[in-house]
Each structure stands twice: as C-alpha cells, then as structure tokens.
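Reviewing the structure listed below.
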Amino acid sequence: MLDPNLLRNHLAQTAERLRATRGVELDVARIEALEAERKQLQTRTQELQNLRNTRSKAIGAAKGKGEDTTALMAEVAGIGDELKAAEARLGEIQKAQADIALTLPNIPHESVPLGKDETGNVEVRRHGTPGTFAFKPLDHVELGARKGWLDGESAAKLSGARFTVLRGELARLHRALAQFMIDLHTREHGYLEVNVPLLVSAESLQGTGQLPKFEEDLFATNTGDVRRYLIPTSEVPLTNLVRDEIVDAGALPMRMTAHSMCFRAEAGSYGRDVRGMIRQHQFEKVELVSIAKPSESYAEHDRMTKCAEKVLELLGLPYRTMLLCTGDMGFAATKTYDLEVWLPAQGTYREISSCSNCESFQARRMQARWRNPETNKPELVHTLNGSGVAVGRALIAVMENYQQADGSIRVPEVLRPYMGGSEIIE
RNA sequence: GGAGAGGUGGCAGAGUGGUCGAAUGCGCCGGAUUCGAAAUCCGGUUUACGGUUUCGCCGUAACGUGGGUUCGAAUCCCACCCUCUCCGCCA
C-alpha cells in the first residue's frame, strides 16, 4: 500500500508517477471527492462522539449524586441516529478509499529504468561463460525422458497439465539442490531456516500484496467454510511473521529462509512454457526474506541478490543479473533484480530468481514496524524477498549445462555430498 | 469430532453497566540518594487514526473479531475466531 499521504497531499505527482512507471491511470477526481467527504464526515463523527461521551458522563455523575437526569437524557436523545448515520457513511467512504489503495502498485525507485516490458530490462552483470558442446545439447525434457526421470504424462494422468513426476536419480538431484541451497544460506549467509505453513489466510495474502487483486493466480481451499490459499511463494508466510509486530531495532535485519512448495494457478500464462517443468502449478523454491531498517534496505537488497547469485556460482551455472524496468516489475516492488541462468538447449538465459525490495509497501498493509531508537517511535520496516533459488529451474539448468554426449549428467561438485558422493547420474 | 476452561497494556494479573485507556506487581526509561553499584524513593512508560497555530497540543477509536442492547459497554446479549486441558481420531 502506498503512503496515504501521497494520495492526500501529492495526488497529482503520484498519479503522474504511476502513469509513467506502471501505466496505471488514477481517477483523480474521485479520489479527491472521497477524501473531501471523508475529512468532513470524520470530523463530524468525532464531534458527535465527543458530545455523546461528555453527556453520558454527565448523566452518570448526576445519577451518582442521586439527581434527576431527565433533562440530560432529553438533550442526548437526538444524537444517536445522526451519529449512527455518520459512522455508517464514514465506514463506506473509508472502505472505498481502502479498495482503491489496495489495488495500486508500488512506485518504483528512482534508479529503476523506465520501460514497458522485459525488453526494457538492463543487464547489470554477467557471470560464467556458456559451455560449448561437441554434440547438440538436449533440453531437459529429452534428457529426462531417457530413463523415465522426468515424466509429464504420468503427472497429467494424476493431476492434469503443468505437473511433473520426478523419479530416481533425478528426484534425488532435485532434493540435493534444495538441501544445498538452504545449507548455504543458513551456514554462510546468516539466514534463519524457517519451516512455514503452505496454507495461509486471505489476510496474509493481503499483507504481501497478492490479494485482493490477484486472486485468480492462487489455488484456494474451502474446507468446512474456511477459505485458505496455497502459498504462491514462501515469501507470504515468512514476511507475514512480522505482521502486527513491533520488532526491536537489534533484531534487524531479520534474515529468514525457507524451502517450500509453491503453488500457482498460472492464470493468463496459457500456452507459455508448456513443455517440461519450466512453468508448473506446483514447484519448490528456497526463498530469502529480509526485514530491514529503511536506511539499510537497499544495501540489504544488493546483499540478498549476491546471496542468490552465489548459489549459481557454486553450481557452476552461467547467469546474468538483470535490473527490471518499471513495466516488468511485480506489484509490490520498488526495485527488482532478476537472475537469469543459461540454458544451452534454448540458447538463452531464463529467469531463475527474482530479488525485490518492497520498502514499506507490504509493511504498511501488515502494520509491520520496528522501534526506532532515535525517535523511540514505531516506524514501518522495509521488507525484501528473493528466490535463492527456484529448485525446479535449477534442476533444469544443471541437467542441460552438465549433460554429456551419452545423456548422462555430471553432478556439480557442491552437490556430491548430498548425492552420496556420486559424480555422475546415468 | 466430544467435554470443559479461557482470551485485558512488553509480561503477569485485577476489574461484572457510569470520571476505566484501564488497579497492582514485574520489566523498561529518566531523576534523587551513592565514590560507584545494589537496595530504596520520586516521576514516566500502549497503539492506530484524525485535526492543528506541528517536535507541542486537542479529539476519536481500540480490553480476541463482528454485530446487538443502552444516554453510556472491558463489563450484558448473539455469532464467529483463537488458545489451553481431557477424550476420540491421526502422520
């Protein structure tokens, strides 16, 4: 959620900035009208409440002394109805304002390049050199099919499109990747391992920004009248851990990591990446979340991105780091770096991680605060999240980059301890 | 799923219709005392929102959540949520 002050006192500039960066048109006239009515109604409501309270106290005092209260009672008689009407109307106005505020995206940081879509993204660095093959490299679907390692048909039978079944050594390699990543982040990067619920409330999803606007991207359950959602990323539970909390300054930055399943309905992406396990309804991800002081959040953002990059470097996978342009960024972010890993069969770099600073956008929705020792007042924290990294896509990248002519796959050295010392799977 | 108990400030815990945003204790902050510390004493110590002549002040709201009764609700009524104990079921 944007700072309400921006919509109240800097509406014209905010509207212009949202138009330029996000292509979002604000209904300026309606927002102004709502705010004017809100101000007038709130003042009036509070006056009436004040009046009722003072009169009621007078009645109490009079009764205490055994005095007659009929005159006082008559005085207060008309207040109730007007107050009730004013409160109801004020509630409607505030609801309308909240509905608008909850659907507005965050405003990008000034260092973010303007752009419409992914073609406006800027490469900031590149690591590793794509390997050369003495043979035509196969893609992960072909490599996985040879031994029944990767089986989309069985998955379709079980669940439908966009699921996969992994078997044998490939399933093990997948598990090894997740283990390796989480160990790296906990042991080397100072993140606290957290195991989180995969089903969360609507409130949690509103806190991180998936609701109310992106409900169609989520899987939902409705058991026993209780609506819960499958998490699209463990960013949701991890970040919501600080919802409605005031954390000590000494606890920041609060770095947390989780290995979890993620579930996405992938509405609006039909026809894209239908082959293989690039885009699935269900996948695994190791997530990084950091809760930071506002003054430190951009340094923390860079650090987090480097933590994700480290995963790819240790796996020996060539990648590049992209600074997303305004038009390609997610709803809650002010600044995002994507990591794109080299996939030799496609001859392109593909997204494998996304690291974002959300500043106070999520914190405001969640009332997530810290106590600033300088002011001794609660202030909103900044929240950051990044993939460190997507496990399924890392598996694809290892398969394709480490394949050999006979279809076997070498095991990256850092994964061998997790693979019983195996140097190759075949 | 069955039976019972309970949800109040950072924590513990009073309060069953009126000056209660809330006793008391602990904790924390400031001060006094002290060479310094402990102990003791004094004072302070929730949050959100709004207004404003903006670092001050004023107002409103909040005692699990949402409704209701009432001039007035932490307190009474209804519904829901959550926690704990015992039983059942279960990985």
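In what follows, every chain begins at residue 1, and chains take the letters A, B, ... in the order their sequences are listed.
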Worksheet item: Should A:His109 and A:Thr334 be marked as a side-chain hydrogen bond (donor to acceptor under 3.5 Å, both in side chains) after you check the CA-CA gap, both sets of side-chain angles, and the distance that decides it?
Response: CA-CA 5 Å; A:His109 189 259; A:Thr334 58; over 6 Å; no
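Ion pair A:Arg89/A:Glu92 flagged as a salt bridge, since at least one NZ, NE, NH1 or NH2 atom sits closer than 4.0 Å to an Asp/Glu carboxylate oxygen. Using a 4.0 Å cut-off between charged side-chain N and carboxylate O, A:Asp151 and A:Arg167 make a salt bridge. Classification of A:Glu423 and A:Arg410 as a salt-bridged pair fails, no side-chain N sitting under 4.0 Å from a carboxylate O.
Here the nucleotide nearest the side chain of A:Gln46, chosen from B:C71, B:U47, B:U60, is B:U60. Listed nucleotides B:A48, B:C71, B:U52 differ in distance to A:Lys63; the shortest reach to its side chain belongs to B:C71. Checking B:U47, B:U19, B:C71 against every side-chain atom of A:Ile246, the shortest atom distance belongs to B:U47. For A:Ser56, taking side-chain heavy atoms from C-beta onward, the closest of the listed nucleotides B:C71, B:A61, B:A48 is B:C71.
Comparing the C1' positions of B:A73 and B:U16 gives a spacing of 11 Å, expressed to the nearest Å. Atom name C1', nucleotides B:A37 and B:A32: the rounded distance is 15 Å, in whole Å. When the P atom is compared between B:A14 and B:U24, the two are found 15 Å apart, to the nearest whole Å. Here, B:C55 and B:C63 have their P atoms 32 Å apart, quoted to the whole Å. Nucleotides B:C78 and B:C89, compared at atom P, are 34 Å apart to the nearest Å. When the C1' atom is used for both B:U53 and B:G67, the distance is 42 Å, rounded to whole Å. Comparing B:U69 with B:G17, their C1' atoms sit 12 Å apart, to the nearest whole Å. Rounded to the nearest Å, the gap between the C1' atom of B:A48 and that of B:C28 is 22 Å.
The phosphate of B:G67 has neither OP1 nor OP2 within less than 4.0 Å of any side-chain N or O from A:Lys84. For B:G18, the OP1/OP2 oxygens have no side-chain nitrogen or oxygen of A:Asn53 closer than 4.0 Å. For B:U60, one of the phosphate oxygens OP1 or OP2 lies less than 4.0 angstrom from a side-chain nitrogen or oxygen of A:Asn50. Within the structure, a side-chain polar atom (N or O) of A:Arg371 is placed less than 4.0 Å from OP1 or OP2 of B:U47. Neither OP1 nor OP2 of B:C49 sits under 4.0 Å from any side-chain N or O of A:Arg38.
Under the Watson-Crick or G-U wobble criterion, with both distances below 3.5 Å, B:U19 is left unpaired in every strand shown. When both pairing distances are held under 3.5 Å, B:A61 makes a Watson-Crick or G-U pair with B:U47. Using Watson-Crick or G-U wobble geometry with both donor-acceptor distances under 3.5 Å, B:G9 finds no partner in any strand shown. Nucleotide B:G1 forms a Watson-Crick or G-U wobble pair with B:C87, both donor-acceptor distances falling under 3.5 Å. Under the Watson-Crick or G-U wobble criterion, with both distances below 3.5 Å, B:G66 is paired with B:C78. Base-pair partner of B:A39: not found among the strands shown (Watson-Crick or G-U wobble, both distances under 3.5 Å).
Residue A:Met366 contributes atom CE, which lies 15 Å from atom P of B:A48 at whole-angstrom precision. Atom CG of A:Asp244 is separated from atom C1' of B:A62 by 13 Å (rounded to the nearest Å). A:Gln94 has its CD atom 9 Å from the P atom of B:G50, to the nearest Å. For A:Glu87 and B:C49, the CD to C1' distance is 14 Å, given to the nearest whole Å. When rounded to the nearest whole Å, the span between CZ of A:Arg52 and C1' of B:G72 equals 8 Å. Between the P atom of B:G51 and the CD atom of A:Gln40 lies a distance of 13 Å, rounded to the nearest Å. A:Met73 has its CE atom 15 Å from the P atom of B:G18, to the nearest Å. We find that CD of A:Glu245 is positioned 11 Å from P of B:G10, with the value rounded to whole Å.
Using a 3.5 Å distance cut-off with no hydrogens or angles, the side chains of A:Asp338 and A:Ser354 do pair a donor with an acceptor. In the model, A:Arg8 has no side-chain atom that pairs as donor or acceptor with a side-chain atom of A:Asn5 under 3.5 Å.
Ranked by how close their nearest RNA chain B nucleotide is to the 5' end, A:Leu51 and A:Gly60 are led by A:Gly60. If you find the closest nucleotide of RNA chain B to A:Arg55 and to A:Glu47, the one lying nearer the 5' end belongs to A:Glu47.
At a cut-off of 3.5 angstrom, the base of B:G18 holds no donor-acceptor pair with the side chain of A:Lys57.
Closest approach of A:Arg364 and A:Met1 over heavy atoms only: NH1-O, 2.9 Å.
Residue A:Arg44 is out of contact with every strand shown, counting any heavy-atom pair closer than 4.0 Å.
Taking the six-membered ring for Trp and the full ring otherwise, the centers of A:Tyr229 and A:Phe219 sit at least 6.0 Å from each other.
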